[in-house]
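In what follows, every heavy atom counts, from backbone to side chain, and hydrogens, waters and symmetry copies are set aside. Indexing begins at 1, ligand by ligand and atom by atom, following the structure's order. Fair warning: this is a prediction, and the values are worked out from it, not measured in the lab. For the single chain, residues carry numbers from 1 onward in sequence order.
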Amino acid sequence: MSNNRLVVFDTTLRDGEQSPGAAMTKDEKLRIARQLERLKVDVIEAGFAAASPGDAEAIHAIASAVRESTICSLARTGERDIRAAGEAIKPAARGRIHTFIATSPIHMEKKLRMKPDDVVEAAIAGVKMARQYTDDVEFSAEDAVRSETDFLVRIFDAVIKAGATTINVPDTVGYAIPANWGDRMRELIERVANSDKVIWSTHCHNDLGMAVANSLAAVQAGARQVECTINGLGERAGNASLEEIVMAVKTRGDIFGLETGIDTSQIVATSKLVSTITGYPVQPNKAIVGANAFAHESGIHQDGVLKHRETYEIMRPEDVGWATNRLTLGKLSGRNAFRTRLQELGIVVESEEQLNHAFARFKALADKKSEIFDEDLQALMSDENLEIDLEYYKLVSARFHSETGETPSAALTLSVGGEERKIESSGSGPVDAAFRAIESIAQSGSELLLYSVNAITTGTDAQGEVTVRLGREGRVVNGQGADTDIIVASAKAYLNALNKLHAGTTKLNPQVETV
Ligand code: KIV
Ligand code: ZN
């Protein structure tokens, strides 16, 4: 790989999933992995195989389905973890094991309770064992930011000798400051033996809001892999955001002189998919993918942009996949136009049956909403995948009543395991009434942890996209629903979450103790 190529390592499905409440099912992970492949990320860290059987299964499924990106599993340096990772990535066209151990005095002494010499031995053993499964082995020194540089040099020397091909230097706790982090990376690259035989990587957390700045400083100092997540999702304040790093490197090519393999036109679609599935909304003023990232409010700015776009725009919205509210299809559009537009949007339809089902729902939506935008199709297809996958509880019909001075009520007909059930309930509002009605049938015993509504496009006829997060006995699931009627969207989202609880496909939250 040439020295001006920056490897993009996405860890949305591993570190991103460590955000509270962001646990994903295997099918959701597969959908995100397919989208990451379309985005053309170099490496997808698909999970931590030893964390749970569900994680191992998801990595295996992704390794079987994705051909263009390298599929990676995280592993501690112990035999059980490496074996689990090695088995999980087996079907991959290109598989990587990412093994790590903590190297800071505080972690070695207080958490691992290991002597530095033993940590070095464990790292060597882990890397050697990982090499028996794949020749693509990454080693990370957890909490490198608070580790002694001499010790890092020693352990990196040793793991390179043992066969590591990528050396990752993580700021696990988000403690680094850009100039300093760059100096640190430069010193390591200079002092470690055979440093030119490996790819140097950085992995930054955002506790002080500097994950992207630190990652870019490391890149300027010689790192040629960045570890990041979509929307900056991740443990605590999150990880470095993929879209911000990629667009900084692209937009400031004059400074970085580097290329990534990313298809930037897929950025917004990926951001929306991750946000919908995890229930983590994107703040409107978030760089690149926030709804206002390209909106000009001040008259002076609007005037400037109309006269010459580059007066106030350093990137073009279409370069990152903002469809600029493109009107795509309408009531009279046929099945072929529908299929073609889905293909253009990179949405995969698994079968003719799914296409027919989705087309019928598109027609129903077009009856309610005169203009159908790309965003509507994306939401419709997300909803479609959810319906096809899990249908134990299904909304058949709904009637809501809400009037000033009256108690709101909901009358629902649900299909429960194929049997129709009717139920009525009242509540503090129609959404509350709908949720109570559903619960009086499902008796799930779950707790509502999050309820959020977003308008997919502008206008009062826009579809509402609802996320409902439910928790039960340590299990957390996110349900989604979209409809032009936000109460119907809410009921669908609640049922979708219940279906996930019913299917029991998510693992317990959170992951194993040491990451
Ligand atoms: O933050 C961290 O140190 C990690 C490692 C496992 C790379 O996520
Ligand atoms: Zn991390």
### Query
So is there a nitrogen or oxygen of Asp15 less than 3.5 Å from a nitrogen or oxygen in ligand 1?
yes
#### Entry: Check: Thr260 and Lys250 side chains under 4.5 Å, non-hydrogen atoms
no
#### Entry: ligand 1 to His98 polar contact by distance, N or O atoms, under 3.5 Å
no
### Task
Would you mind checking if Arg5 and Glu259 are paired as a salt bridge, meaning a charged N to carboxylate O distance below 4.0 Å?
no
### Message
Does any N or O of ligand 1 fall below 3.5 Å from an N or O anywhere on Asn168, backbone included?
### Response
no
### Task
Please verify whether a non-hydrogen atom of Glu235 lies at under 4.0 Å from ligand 1.
no
### Query
Is there a heavy atom in Arg14 that sits closer than 4.0 Å to ligand 1?
yes
### Whether Phe156 and Phe139 hold their rings parallel, tilted or perpendicular, with breakpoints at 30° and 60°
perpendicular
### Task
Check each atom of ligand 1 against the heavy atoms of His205 and keep those under 4.0 Å away; list them by number with element.
1 (O)
### Option from Val246, Thr264, Ile230 for which side-chain contact (heavy atoms from CB on, under 4.5 Å) with Leu39 holds
Ile230
### Message
Show the atoms of ligand 1 that are less than 4.0 angstrom away from any heavy atom in Glu142.
### Response
3 (O)
### Message
Please list, in number order, the atoms of ligand 1 under 4.0 Å from a heavy atom of His203.
### Response
1 (O), 2 (C), 4 (C), 7 (C), 8 (O)
#### Entry: Among the N, O or S atoms of His205, the one nearest the Zn ion (ligand 2)
NE2
### Query
Hey, is Lys29 close enough to Glu17 for a salt bridge, meaning N to O under 4.0 Å?
yes
### Ser140/Asn168 under side-chain hydrogen bond (donor to acceptor under 3.5 Å, both in side chains): CA gap, chis, key distance, verdict
CA-CA 5 Å; Ser140 279; Asn168 184 38; 2.8 Å; yes
### Query
Judged by atom type as modelled, is there a donor-acceptor pair below 3.5 Å linking the side chain of Ser19 to the main-chain atoms of Gly234?
yes
### Task
Kindly confirm whether the Zn ion (ligand 2) is within less than 2.8 Å of some N/O/S atom in Glu227?
no
### Message
Can you tell me which N/O/S atom of Asp15 has the shortest distance to the Zn ion (ligand 2)?
### Response
OD2
#### Entry: Arg14 and Gln18: CA distance, side-chain angles, deciding distance, side-chain hydrogen bond (donor to acceptor under 3.5 Å, both in side chains) verdict
CA-CA 7 Å; Arg14 199 278 297 170; Gln18 287 175 222; 2.9 Å; yes
### Query
Pro170 heavy atoms, cut-off 4.0 Å: which ligand 1 atoms fall inside?
3 (O)
